[in-house]
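Single-structure report; data block below.
What you see below is based on every heavy atom in this structure, not just the backbone, and it leaves out hydrogens, waters and symmetry mates. Counting from 1, the numbers follow the sequence of the chain as shown.
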Amino acid sequence: MRVGDLIEDIKPLRCVGSPDVQVSGIEQDSRKVVPGTLFIAVRGTASDGHRFMDAAAGAGAVCIVCEELPAVLHDGVTYVVAADTREALGHIASAWYGHPSSTLTLVGVTGTNGKTTVATLLYEMFRLQGEKAGLLSTVCNYVDDRPVASTHTTPDAISLNALLADMVKSGCRYAFMEVSSHSADQKRIAGLDFDGAIFTNLTRDHMDYHKTTEAYLKAKKSFFDSLGRKAFALVNADDRNGSVMVQNCKGTVHTYSLSSMADFKGKIIESRLDGTLMSVNGHEVETLFVGRFNACNLLAVYGAAVLLGMDPDTALVRLSMLVPVSGRFQTLRSPSGLTAVIDYAHTPDAVTNVLNSIREVVRDKGRIITVVGAGGNRDAGKRPIMAAEAARLSDMVILTSDNPRFEEPDDIIAQMRAGIAPQMLKNVLSVTDRREAIRTALRFARPGDVVLVAGKGHEDYQEIKGVKHHFNDREVVEEAFNELNC
């Protein structure tokens with residue numbers, strides 16, 4: 001493609017050289033540049049691509065997109081100066097892959113919790129309708145029924161557009177994707193044509209990156225600010241930040257709620273550990289999901305499906321056919337009647353939600369034993385809060401290791417323990433080894449009790465000192481059921 005065609009949407013501040021130069025590939029990593037490449041110099045969190053412009057030119061780049069020109073310009077290289085190369089990267093990647101998001105009906109889901117569930121269930125719902133659809137999520141990406149490994153909640157702009165183009169090539173009509181706060185802030189979604197955006201909720205998370213809750217909110221809000229007039233915005237009216245998200249939104253705003261008047265109104269009629277009977281816009285539907293937070297997620301799924309043109313009655317039928325996402329309130333039962341719940345809850349709000357959901361069902365008929373840890377090299381401020389919530393809402397808590405990464409697990413556990421009131425510590429144990437912590441919880445449990453294993457959900461690894469070791473909470477629970485005769 002011509003340089004001029006690739007930069008058509010970025011409104012460059014300056015172009016030095018010919019826009020008619022032909023490009024054979026695009027890269028933001030100078031180490032991957034080969035002759036004929038267009039290189040975009042992006043300022044990242046770890047390094048600045050502007051430092052590698054000379055290396056890219058030396059490797060054969062025919063065009064370099066940058067925010068400021070290098071001291072020495074290479075002969076035969078076209079230099080394009082843009083105000084923001086992170087945003088330019090998104091537009092260039094979209095153009096390179098033929099603007100795939102404009103061909104697809106693309107819906108993004110953002111929020112602290114629920115992104116994976118809502119995006120995945122929308123994907124499943126439309127596939128149940130016989131539609132070809134794609135999914136971009138934390139757990140796994142799918143091009144129709146073909147899985148593609150996922151490394152980030154939202155991939156970089158080049159990988160993202162490549163996946164969307166693959167969906168178009170495979171005949172997909174719809175695509176559903178998680179939009180993380182990091183990707184919005186880093187403008188990885190720039191240049192995408194969204195037909196809809198969904199907001200689930202906003203609570204404390206990623207303070208290691210955003211530093212303040214205001215910056216975290218602003219990153220998510222920027223997604224809604226960028227929507228076009230033909231798009232819809234569907235927000236959770238039960239979260240006070242829902243109205244904030246759409247203050248400057250040009251799209252059509254719709255709401256869903258379990259507590260107040262909304263376009264899509266829900267009510268929980270009966271809760272059990274194997275499902276929930278709920279009302280959606282006055283119609284009863286039996287679902288396989290548990291808890292208020294999941295009822296809220298289902299409302300978002302139903303609302304989005306209807307806004308995308310699905311018949312409301314058909315949407316209710318499809319809702320009843322959906323099954324929980326792996327590692328999201330995944331219920332396991334032992335032969336003796338013990339119940340274990342595997343959940344990805346790794347924020348204070350998520351821990352609170354899942355424990356409240358369990359308590360609604362268990363009431364006073366059994367105890368709740370919670371196994372919980374916190375990831376290393378991430379927001380340390382949430383650790384004592386998570387532990388305090390776990391202790392408040394559980395009968396017994398076992399603090400353990402999650403993904404310690406490059407931190408010492410015992411240091412993380414100590415920080416969690418510090419958040420628990422002294423009078424509650426008698427019901428708290430610290431077991432560093434996660435496998436042994438889970439087995440300990442099951443040894444303490446009696447029939448009728450529920451053991452919550454929180455934090456890792458679908459993950460099949462534990463990251464320690466930069467090495468990922470195979471570890472799956474579900475597998476450990478099932479092994480313990482058999483070995484301990486639970």
Side-chain angles (χ1 to χ4, degrees), residues 1 5-6 9-10 23-29 31-32 37-40 42 44 85-111 115-127 131-198 223 226-228 231 304 308 325-326 458-460:
M1 292 181 70
D5 295 328
L6 288 170
D9 295 329
I10 71 171
V23 171
S24 59
I26 61 173
E27 284 293 347
Q28 62 174 329
D29 185 339
R31 294 167 297 184
K32 297 179 180 179
T37 301
L38 179 149
F39 172 68
I40 305 101
V42 176
T85 51
R86 291 191 299 182
E87 185 167 350
L89 173 61
H91 289 283
I92 290 169
S94 178
W96 176 255
Y97 285 102
H99 301 287
S101 62
S102 296
T103 302
L104 296 160
T105 295
L106 177 64
V107 176
V109 186
T110 196
K115 295 188 296 296
T116 300
T117 295
V118 173
T120 303
L121 295 184
L122 277 167
Y123 161 78
E124 296 287 359
M125 200 171 202
F126 277 81
R127 280 181 48 77
E131 297 283 0
K132 285 181 173 288
L135 173 68
L136 292 154
S137 85
T138 304
V139 177
C140 188
N141 301 317
Y142 281 90
V143 177
D144 196 23
D145 59 351
R146 174 165 54 88
V148 180
S150 174
T151 56
H152 293 80
T153 299
T154 312
D156 66 84
I158 296 175
S159 301
L160 179 52
N161 278 278
L163 278 166
L164 293 174
D166 196 0
M167 292 175 193
V168 171
K169 184 179 179 181
S170 300
C172 295
R173 289 184 58 201
Y174 297 89
F176 304 98
M177 66 177 286
E178 295 183 49
V179 176
S180 68
S181 57
H182 292 71
S183 69
D185 182 65
Q186 295 167 12
K187 302 184 180 177
R188 283 182 243 157
I189 57 173
L192 296 187
D193 180 15
F194 283 94
D195 296 278
I198 301 170
F223 173 39
S226 68
L227 291 178
L308 289 171
V325 176
S326 174
H458 65 282
E459 292 179 350
D460 60 1

Partner set under side-chain contact (heavy atoms from CB on, under 4.5 Å) for Ala231, not counting sequence neighbours: Leu227

Tell me whether [X] contacts the main-chain N or O of [Y] through its side chain, where contact means a donor paired with an acceptor under 3.5 Å.
{"X": "Thr37", "Y": "Phe39", "answer": "no"}
{"X": "Asn161", "Y": "Ala157", "answer": "yes"}
{"X": "Ser170", "Y": "Asp166", "answer": "yes"}
{"X": "Lys115", "Y": "Gly111", "answer": "yes"}

Do [X] and [Y] have side chains that get closer than 4.5 Å, going by heavy atoms?
{"X": "Gln28", "Y": "Thr85", "answer": "no"}
{"X": "Leu122", "Y": "Ile198", "answer": "yes"}
{"X": "Leu160", "Y": "Met177", "answer": "yes"}

Donor-acceptor pair between Ser326 and His458 side chains, under 3.5 angstrom: no

Positive for side-chain hydrogen bond (donor to acceptor under 3.5 Å, both in side chains) with Glu178, one of Thr116, Thr117, Thr120: Thr116

Smallest separation among heavy atoms of [X] and [Y], with atom names:
{"X": "Cys172", "Y": "Gly134", "result": "SG-N, 4.0 Å"}
{"X": "Phe194", "Y": "Val107", "result": "CD2-C, 4.2 Å"}
{"X": "Ala133", "Y": "Phe176", "result": "CB-CE1, 4.4 Å"}
{"X": "Gly196", "Y": "Phe223", "result": "O-CZ, 4.4 Å"}
{"X": "Asp156", "Y": "Ile158", "result": "OD1-N, 3.0 Å"}
{"X": "Pro147", "Y": "Cys140", "result": "CB-SG, 3.8 Å"}

Test side-chain hydrogen bond (donor to acceptor under 3.5 Å, both in side chains) applied to Ser101 - qualifying residues, sequence neighbours left out: none

Which distance, rounded to the nearest 0.5 Å, do you find between the [atom1] of [X] and the [atom2] of [Y]?
{"X": "Arg173", "Y": "Leu308", "atom1": "CZ", "atom2": "CG", "value": "10.0 Å"}
{"X": "Leu192", "Y": "Lys187", "atom1": "CG", "atom2": "NZ", "value": "14.0 Å"}
{"X": "Leu38", "Y": "Ile26", "atom1": "CG", "atom2": "CD1", "value": "7.0 Å"}
{"X": "Trp96", "Y": "Met1", "atom1": "CH2", "atom2": "CE", "value": "7.0 Å"}
{"X": "Asp195", "Y": "Ser102", "atom1": "CG", "atom2": "OG", "value": "8.5 Å"}

Geometric class of the Phe126/Tyr174 ring pair [parallel <30°, tilted 30-60°, perpendicular >60°]: tilted

Presence of salt bridge, Lys132 and Asp145, under 4.0 angstrom: no

Short N-O contact, Glu27 and Lys32, less than 4.0 angstrom: no

side-chain contact (heavy atoms from CB on, under 4.5 Å) evaluation trace for His91 with Glu87: CA-CA 7 Å; His91 289 283; Glu87 185 167 350; 3.9 Å; yes

Criterion side-chain contact (heavy atoms from CB on, under 4.5 Å) on Leu104 and Leu164, from CA distance to verdict: CA-CA 8 Å; Leu104 296 160; Leu164 293 174; 3.8 Å; yes

Residue that, paired with Met167, satisfies side chain to side chain contact (heavy atoms under 4.5 Å, CB included) out of Asn141, Asp144, Leu136: Leu136

Verdict with reasoning, Asp9 to Ile92, per side-chain contact (heavy atoms from CB on, under 4.5 Å): CA-CA 8 Å; Asp9 295 329; Ile92 290 169; over 6 Å; no

Check against side-chain contact (heavy atoms from CB on, under 4.5 Å), Asp193 and Leu106: CA-CA 7 Å; Asp193 180 15; Leu106 177 64; over 6 Å; no

